[in-house]
Amino acid sequence: MCGIVGYVGQKQALEIVVAGLRRLEYRGYDSAGIAVLADGVLDTRKKAGKLVNLETLLGEDPLPDSTTGIGHTRWATHGGPTDRNAHPHVSEDGSVAIIHNGIIENFTELREELTNSGVTLSSDTDSEVVAHLLARILPKVGDLTVAMREVCKELEGAFTLVAVSPLYPDVVVGARRNSPLVVGVGDGENFLASDVAAFVDHTRNALELGQDQVVTLTPEGVSVTDFDGNEAVVRPFTVDWDAAAVEKGGYDLFMLKEIAEQPKAVADSLRGRMTKDGRLQLDEMSLSDEDLRGIDKVVVIACGTAYHAGLVAKYAVEHWTRIPVEVEVASEFRYRDPIVGPGTLVIAISQSGETMDTLMALRHAAAQGARTLAICNTVGSTIPRESDGVLYTYAGPEIAVASTKAFLTQIIAAYLIGLYLAQVRSAMDEADIRAVLEDLDNMPQAVDLVLDTVEPVRAIARELADCKSVLFIGRHVGFPVALEGALKLKELAYMHAEGFAAGELKHGPIALIEEGVPVVVIVPSPSHFLHDKVISAIQEVRARGALIVAIAEEGDEKIVAFSDHIIRVPVVPALMQPLVSTVPLQVFACEMATAKGHDVDQPRNLAKSVTVE
Ligand code: AGP
């Protein structure tokens, strides 16, 4: 998704904005641009392709010194990734430059109106219309903030907008609806960005902006209003990690760093949520125990990896609470006329907190009267802000597009919520809750042990790098792990991969099996009631030529006779197994993509946060 950076202060805007855009590269983009104000003149440079192309252009054709600037990395929606479609877009009279993230749904009508009024449009984008609308109203209202407010009222859809004008030097104006924008508050300087990573080098003091708000930055201060000009109350927060967290820290890839950070991410997401006497305390959830006792159904809404975390959690939460748990693909949820109401707890799982599909599903659920709770890794983001309560994961910033540590911590958070529900509803004995909490407490160490399996997995991935397809199978909590393993391989190695419930193979998918087809099997513990059924599934596919890669527990000797490769994971309780069996699948996909020469941290076509529906 697009990256946005704005700066106004005492320092050189160009280097701050370009460095900020570099921090946002992980969001996925295909062109970049920047605008600065210098001595009453607006000047811009923009270029298709990666940020390095813009930097080359800036070297050949430098911008003037300036202390006010905005920058953008564009993930093309309307109009291809070309120089002319790159942002910033400038009005015909040069009085305004804007950058935009989101989709303006009524842009066709606006383009037609502008064209009919004699404006010549210079791009194929929806965004450009905003520059012309601002330029048209600016002379009438005489203030960039007022102009932004009035133009926002004309727009439909999702947008984060940032504008500058040579008529108002030392001023940067932003606006947001459904799309991320956060303020960085400095000393004599202020920042706007899609993500705090863009300015955390300069300040960790931030302001989260609400829906339909306009923010005005000068070096001296920040003011926020709604679209009608009423002063808005915004929530300050402190970024709880430092700039090093968004650097590779000696790893070749952010994904490798984030895989390695998983033991700490799990530990940090557990910390402080258990009392000394072994009871859960989730005060920040801010849902009363009475509310939670009134719940008769849980619905999880999420996308991609977050959806898989919900699928894993379903087994545990239903087992502990005896409350039905539905897990829904967020993009489907609101269109199927779902049955939700005051007795429903809707849990929105989202690493970024900005996924539009999940946000829209959350709003639909809230409109139906459901209680809403976010599991999120990004403080100050939209989804937790719009939920009744939130349980943050503390995985630290996840930069690689392929989600890894967020997945494990989403499971942890969902488990904590399930146990808390069981605690307040007395659905479990306190001793049993304490026992599970102790199991969770052991998980950072278990995940750390799995990291020792990295090398054998890499060798297997390189051996299979030329295969055309990989199937993943599992049962019980191993089934969503199979889905997650397949997703990782699809998004990183760009190859066909599919996850199945092992019991489903004989109902059709086994027709896919032929000599040499790799099948990755998530094998439950030998003591698990489904172990032998998974062995049977292995025999079914092996008899037809499949190559078996088993993810199996230390000490499981029975699996040896049925496997071509075995990746060992530590012995953990059945419901905890996804926390260890997923890690080798992350490494497998990462290594396969590396072997194929792909951009692992920024895979083709993908964005880290999908802020369009
Ligand atoms: C997973 O590796 C992908 N990056 C993608 O499926 C992601 O999980 C999904 O887009 C949801 O993102 P969110 O957690 O930020 O809402």
Side-chain angles (χ1 to χ4, degrees), residues 1 24 26-28 75 178-180 194-195 197 253-256 258-259 262 265 269 300-313 327-333 346-363 374-387 390-393 395-414 480-481 483-494 497 499 582-583 585-590 592-593 598-613:
M1 287 300 99
L24 300 180
Y26 74 90
R27 299 170 64 86
W75 190 71
N178 291 341
S179 191
S194 319
D195 178 322
L253 299 167
F254 276 112
M255 186 174 178
L256 290 175
E258 289 153 14
I259 288 171
Q262 294 185 110
S269 298
V300 176
I301 52 176
C303 302
T305 290
Y307 168 68
H308 296 153
L311 290 174
V312 168
V327 186
E328 302 266 354
V329 169
S331 55
E332 288 294 313
F333 175 71
V346 171
I347 301 176
I349 303 179
S350 177
Q351 189 283 132
S352 63
E354 299 296 351
T355 299
M356 190 59 68
D357 288 325
T358 308
L359 176 60
M360 292 299 130
L362 174 73
R363 286 187 180 160
I375 291 175
C376 186
N377 194 48
T378 309
V379 176
S381 58
T382 304
I383 288 172
R385 185 172 55 251
E386 297 203 10
S387 300
V390 56
L391 195 66
Y392 280 112
T393 54
E398 187 177 70
I399 306 299
V401 167
S403 192
T404 51
K405 61 180 181 175
F407 178 67
L408 266 56
T409 57
Q410 285 161 356
I411 294 171
I412 291 291
V481 173
L483 298 176
E484 175 59 12
L487 174 62
K488 286 283 140 329
L489 204 58
K490 280 181 265 198
E491 60 178 336
L492 293 168
Y494 314 156
T582 304
V583 177
L585 307 187
Q586 296 166 347
V587 175
F588 181 76
C590 181
M592 187 80 90
H598 294 172
D599 184 344
V600 174
D601 285 336
Q602 297 173 38
R604 71 183 182 193
N605 307 340
L606 292 179
K608 180 60 180 173
S609 175
V610 183
T611 56
V612 293
E613 269 195 293

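In listed order, ligands and their atoms are each counted from 1.
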Between the side chain of Asn377 and the main-chain N/O of Ser352, is any donor-acceptor distance below 3.5 Å?
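Side chain of Asn377 to backbone of Ser352: no pair is present.
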Main-chain N/O of Ile399 paired to Glu258 side chain as donor or acceptor, under 3.5 Å
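Indeed, once roles are kept as given, a pair shorter than 3.5 Å links the two residues.
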Within less than 4.0 angstrom of ligand 1, does Ser609 place any heavy atom?
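No; Ser609 lies far enough from ligand 1 that no heavy-atom distance drops under 4.0 Å.
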Interfacing atoms of ligand 1 (cut-off 4.0 Å, heavy-atom, [X]):
| X | answer |
| --- | --- |
| Lys488 | 1 (C), 2 (O) |
| Ala402 | 2 (O) |
| Cys303 | 8 (O), 9 (C), 11 (C) |
| Ser403 | 1 (C), 2 (O) |

Heavy-atom distance to atom 5 (C) of ligand 1: which of Val610, Leu359, Thr305 wins?
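Shortest heavy-atom distance from atom 5 (C) of ligand 1: Thr305.
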Between Ile301, Thr355, Leu606, which one has a non-hydrogen atom sitting closest to atom 13 (P) of ligand 1?
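Nearest option to atom 13 (P) of ligand 1, by heavy atoms: Thr355.
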Between Thr393 and Gln410, is any side-chain donor less than 3.5 angstrom from a side-chain acceptor?
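Thr393 vs Gln410: no donor-acceptor pair found between side chains.
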Return a yes/no value for [X]: is any of its N or O atoms, backbone included, closer than 3.5 angstrom to an N or O of ligand 1?
| X | value |
| --- | --- |
| Thr358 | no |
| Ser352 | yes |
| Val401 | yes |

Heavy-atom contacts under 4.0 Å between Glu354 and ligand 1: side chain, backbone, both, or neither?
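It is neither part, as no heavy atom is under 4.0 Å.
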Heavy-atom nearest neighbour in the protein, as seen from [atom], with distance rounded to 0.1 Å:
| atom | value |
| --- | --- |
| atom 6 (O) of ligand 1 | Gly304 CA, 3.2 Å |
| atom 14 (O) of ligand 1 | Gln351 N, 2.7 Å |
| atom 3 (C) of ligand 1 | Glu491 OE1, 3.5 Å |

Can you tell if the side chain of Thr409 reaches within under 4.5 Å of the side chain of Glu398, non-hydrogen atoms only?
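The answer is no; the side chains never approach within 4.5 Å.
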Between Val300 and Ile375, is any pair of side-chain heavy atoms under 4.5 Å apart?
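Contact flag for Val300/Ile375 side chains = no.
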With sequence neighbours excluded, what pairs up with Glu354 under the salt bridge (charged side-chain N to carboxylate O under 4.0 Å, His left out) test?
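With neighbours one apart ignored, the set is empty.
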Using 0.5 Å steps for rounding, measure from the [atom1] atom of [X] to the [atom2] atom of [Y].
| X | Y | atom1 | atom2 | result |
| --- | --- | --- | --- | --- |
| Phe254 | Lys608 | CZ | NZ | 11.5 Å |
| Gln262 | Phe407 | CD | CZ | 9.5 Å |
| Cys303 | Phe333 | SG | CZ | 12.5 Å |

